[in-house]
Amino acid sequence: EKGGWSSFMRKEVSEQPEAVAKTLLGRVVDDQVVIPELESFGDDELRGIRRITVIACGTASYAGMVAKYAIEQWARVPVEIELSHEFRYREPVLDDHTLVVSISQSGETMDTLMAVKYAREQGARTISICNTQGATIPRESDAVVYTHAGPEVAVASTKAFVAQIAALYLFGLHLARVRGTLSAEEIAVQLHELQAVPEKLELVLAESEKVAQLAHWMADTRSVLFLGRHVGYPIALEGALKLKELAYIHAEGFAAGELKHGPIALIEPGQPVFVVVPSPRGSATLHPKVVSNIQEIRARGARVIAIAEAGDAAVLPFADEVLRIPLAAPLFEPLLAVVPLQIFAMELSQAKGLDVDQPRNLAKSVTVE
Ligand code: M6R
């Protein structure tokens, strides 16, 4: 079933261009989003939504965090993300103007399922983003938008993550049309960006060898930090999660702007830090701030590995390694920047002789609390 690949994870990482393409297939027609699965949500109802609460766990929650930036920017509706197990044990404020969007690859995560049930009991309407046809969470939701990443076998979620972002972006653009917050032309521009992602993912994958080498040099590393800003922040969290679960290395992700509020105290000579650098073209305000963060940690001896757009020369004097991603609009960068981080964790796991597909203590779907 691995089709010649040494692990399911390696196969699934390589299938990411296809996972995004298949999730978009048939859903973009004449530069418009078409999601028949959402028919039960009339346009009036979507216009009446005052707030979106996203519930998910682990990697799925980071897909939700990425989508928050896009949905708020495009559809001008507040989006909050909450871990399912936190959500269901407090008294969240929900009403029939709250839309609850759950994200789950397996569609069986117990905490997310219970959170969806709870939300419905409280009168909220629910949509699930799910990769498994007929799973329990979609059955318990008012509507489901399936990701078409294909079966994900490795415990570490990879292709499901990029497919979740693609599906959430489609939903965000659909919402923007219905709510009149973007023009047809603006929606078409975003859809073209989204449709260009699979090809760009191929280019990122073509650079895998450089990431693999880096991981092999770093096989003895005991702690790695990840920094990102805006949509790069959830990618930093995802990079850290991948490294913990696959290589059993202490890893933490931070919002780069938080550095001075504490984390910079962790920096000592030799400390590896991955920095997800926003595009100098697309994020003219944030790019210099992240570059100055890089200078600050470098001055304290950090070993900086920058994930930066092709042609971004500003990082060169300060980064020890630069992993390049193709040019993309800011909201689409996370779909590309996550890939080197997945590969880094996978290769480090392999370099340490660990089981990449089945890390210790973990299960593919967490069907217990
Ligand atoms: O099946 P789900 O998407 O609901 O699973 C959620 C998390 O358990 C999952 O993403 C987990 O964090 C992965 N092992 C991360 O790689």
Side-chain angles (χ1 to χ4, degrees), residues 7-13 15-16 19 23 54-67 81-88 100-117 119 126-141 144-168 226 234-249 251-253 334 338-339 341-346 348-349 354-369:
S7 66
F8 279 107
M9 183 173 174
R10 200 171 284 279
K11 172 172 178 278
E12 289 161 8
V13 163
E15 287 170 345
Q16 293 185 103
T23 299
V54 176
I55 46 178
C57 301
T59 291
S61 76
Y62 301 143
M65 277 176 79
V66 170
I81 315 295
E82 193 153 359
L83 295 166
S84 316
H85 34 89
E86 288 296 321
F87 175 86
R88 58 181 283 219
V100 171
V101 176
S102 68
I103 310 170
S104 176
Q105 187 285 131
S106 62
E108 302 295 345
T109 298
M110 179 62 81
D111 282 313
T112 305
L113 172 63
M114 298 312 279
V116 169
K117 285 189 177 174
T126 55
I127 294 177
S128 75
I129 307 290
C130 182
N131 196 45
T132 312
Q133 294 281 332
T136 313
I137 294 172
R139 279 193 274 119
E140 290 291 337
S141 306
V144 51
V145 179
Y146 282 110
T147 47
H148 297 295
E152 195 181 63
V153 177
V155 163
S157 188
T158 54
K159 62 177 180 171
F161 177 73
V162 289
Q164 283 158 353
I165 296 174
L168 289 159
F226 294 78
I235 297 306
L237 298 176
E238 170 64 0
L241 176 59
K242 283 289 159 289
L243 203 55
K244 287 176 220 180
E245 70 176 332
L246 292 169
Y248 317 154
I249 289 177
E252 272 196 78
V338 71
V339 176
L341 300 182
Q342 297 166 339
I343 296 172
F344 179 75
M346 175 178 78
L348 202 54
S349 160
L354 303 174
D355 186 339
V356 176
D357 286 338
Q358 186 53 261
R360 67 184 179 200
N361 308 340
L362 292 170
K364 181 62 182 162
S365 44
V366 184
T367 53
V368 292
E369 285 190 57

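Indexing begins at 1, ligand by ligand and atom by atom, following the structure's order. This structure is a prediction, so every number in the text was calculated from the model and none was measured.
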Number the atoms of ligand 1 from 1 as they appear, then name those within less than 4.0 Å of a heavy atom of [X], with their elements.
X: Cys57; value: 6 (C), 7 (C), 10 (O)
X: Ser106; value: 1 (O), 2 (P), 4 (O)
X: Gly58; value: 12 (O)
X: Ser157; value: 15 (C), 16 (O)
X: Ala156; value: 16 (O)
X: Ala60; value: 3 (O), 10 (O)

Handout entry: Polar contact flag for Ser104 and ligand 1 (N/O pairs, less than 3.5 Å)
Key = yes

Of the protein's non-hydrogen atoms, which lies at the shortest distance from [atom], and what is that distance?
atom: atom 5 (O) of ligand 1; value: Thr109 OG1, 3.6 Å
atom: atom 10 (O) of ligand 1; value: Thr59 N, 3.2 Å
atom: atom 3 (O) of ligand 1; value: Gln105 N, 2.6 Å
atom: atom 16 (O) of ligand 1; value: Glu245 OE2, 2.3 Å

Exercise for the section: Inspect the contact between Glu252 and Lys244 and indicate whether a charged nitrogen and a carboxylate oxygen are less than 4.0 angstrom apart. Expected result: no

Problem - NZ/NE/NH1/NH2 to OD/OE distance under 4.0 Å, Glu12 and Lys159 - result: no

Fill in the blank from the handout: One should read off an interatomic distance between Gln342 CD and Arg10 CZ, to the nearest 0.5 angstrom, of 12.5 Å

Any donor-acceptor N or O pair under 3.5 Å, side chains [X], [Y]:
X: Gln16; Y: Thr158; result: no
X: Thr132; Y: Glu108; result: no
X: Lys242; Y: Thr59; result: yes

Exercise for the section: Would you please test Leu243 and Phe226 for side-chain contact (heavy atoms from CB on, under 4.5 Å) and show each step? Expected result: CA-CA 10 Å; Leu243 203 55; Phe226 294 78; 3.9 Å; yes

Fill in the blank from the handout: Heavy-atom proximity to atom 8 (O) of ligand 1 ranks first, among Val155, Ile55, Val366, for Val366

Fill in the blank from the handout: Heavy atoms of Tyr146 and Thr23 approach each other most closely as O-CG2, 4.5 Å

Problem - ligand 1 contacted by Lys242 (non-hydrogen, < 4.0 Å) - result: yes

Exercise for the section: Indicate yes or no for a side-chain donor-acceptor contact from Asn131 to the backbone of Ala160 under 3.5 Å, with no hydrogens or angles considered. Expected result: no

